[in-house]
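Within every chain, numbering begins at 1; the chains are lettered A, B, ... in the order of the sequence lines, protein sequences first and strands thereafter.
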Amino acid sequence: GIQVEQSPPDLILQEGANSTLRCNFSDSVNNLQWFHQNPWGQLINLFYIPSGTKQNGRLSATTVATERYSLLYISSSQTTDSGVYFCAVEEPFGNEKLTFGTGTRLTIIP
Amino acid sequence: DAGVIQSPRHEVTEMGQEVTLRCKPISGHNSLFWYRQTMMRGLELLIYFNNNVPIDDSGMPEDRFSAKMPNASFSTLKIQPSEPRDSAVYFCASSHTGIEQPQHFGDGTRLSIL
């Protein structure tokens with residue numbers, strides 16, 4: 001099956017800093033989604049982004065499908081951004097099945 | 001709009017007991033997914049349904065696990081008999097099949113088998 005690797009595994013930043021999280025995948029994908037798991041365990045869908053760039057407030061994401069990677073940018077970090085960020089991909093003909101990466105744990109220090 | 005609703009939020013039971021987890025998907029969504037999250041294995045898909053029909057159950061660990069979706073607004077995941085290694089957080093997610101349809105997750109059920 002498809003392999004999904006995320007980096008870095010852990011990231012600690014001061015409030016106000018910017019960050020870039022990376023997701024590499026080993027094969028072509030139908031779609032790619034980014035999720036945030038907050039400290040209470042809730043999984044929130046951030047972006048549905050099989051290709052191109054999307055922005056939502058301080059967050060933006062870019063997927064370069066031909067090169068098999070996606071980036072999640074967080075600008076002006078806030079403590080509420082802390083948690084684990086997952087990328088998940090759907091293989092072609094995968095019938096909506098998502099394979100999750102191992103996540104990047106982000107800690108924002110006040 | 002109500003999101004995906006899971007119950008119970010927490011379940012603690014002794015090994016050998018039957019456990020039933022419940023999920024109500026977002027109204028209008030026609031795909032439903034059950035995931036399990038553990039420290040060792042991360043997030044893994046157990047089974048998913050489309051239009052109430054099980055499409056892929058290859059992630060179900062063993063015969064002790066079963067899932068049903070009797071109608072568009074309700075699904076259950078059952079473990080019988082339960083074992084300590086089943087302890088995990090179980091998530092249900094739903095989506096609407098089509099273009100640009102993200103998966104939306106419930107808050108999960110934290111299951112502890114003693």
Item checked: Contact residues of residues 104-114 of chain B (partner chain A; heavy-atom separation under 4.5 angstrom) -> B:F105, B:D107
Margin query: Can you confirm whether more than 12 heavy atoms, excluding those of A:R68, are under 6.0 Å from its CZ atom?
Written below: yes
Notebook entry, point to check: Can you hop from B:I47 to B:V19 via hydrophobic side chains spaced under 4.5 Å?
Noted result: yes
Next item on the list: State the CG-CD distance between B:L45 and A:E96, to the nearest 0.5 angstrom.
Entry: 10.5 Å
Next item on the list: Check each atom of B:L43 against the heavy atoms of chain A and say whether the ones under 4.5 Å are side chain, backbone, both or neither.
Entry: both
Next item on the list: Please tell me if the side chains of A:L98 and B:Y35 come closer than 4.5 Å, counting only heavy atoms from C-beta onward.
Entry: yes
Checklist line | Engaged part of A:F35 at the chain B interface, taking heavy atoms whose separation is under 4.5 Å | finding: side chain
Item checked: Joint cluster assignment, B:V89 & B:Y48, ILVMFWY side-chain distance < 4.5 Å -> yes
Margin query: I'd like to know if B:F65 and B:M15 are part of one continuous hydrophobic network [Ile/Leu/Val/Met/Phe/Trp/Tyr, side-chain heavy atoms within less than 4.5 Å].
Written below: yes
Checklist line | Cluster check B:M69, B:F91: I/L/V/M/F/W/Y, side chain < 4.5 angstrom | finding: no
Checklist line | Option that, when pairs with chain A are counted at under 4.5 Å, heavy atom only, ranks first among B:Q37, B:E44, B:R41 | finding: B:Q37
Note to self: Taking CD in B:E62 as the centre, count heavy atoms belonging to other residues, nucleotides or ligands within less than 6.0 Å. Is the count above 12?
What the structure shows: yes
Next item on the list: Over all heavy atoms of both residues, which pair between A:N45 and B:Q103 is shortest? Give the atoms and the distance, please.
Entry: ND2-O, 3.1 Å
Notebook entry, point to check: Closest approach of B:Q101 and A:Q33, non-hydrogen atoms and distance?
Noted result: O-NE2, 4.2 Å
Next item on the list: Could you tell me whether the side chain of A:K97 reaches within less than 4.5 Å of the side chain of B:S58, counting heavy atoms only?
Entry: yes
Checklist line | Same cluster (ILVMFWY, side-chain, under 4.5 Å), B:F33 and B:M60 | finding: no
Next item on the list: Kindly check if the number of other-residue, nucleotide or ligand heavy atoms within 6.0 Å of CG (B:D63) is above 12?
Entry: no
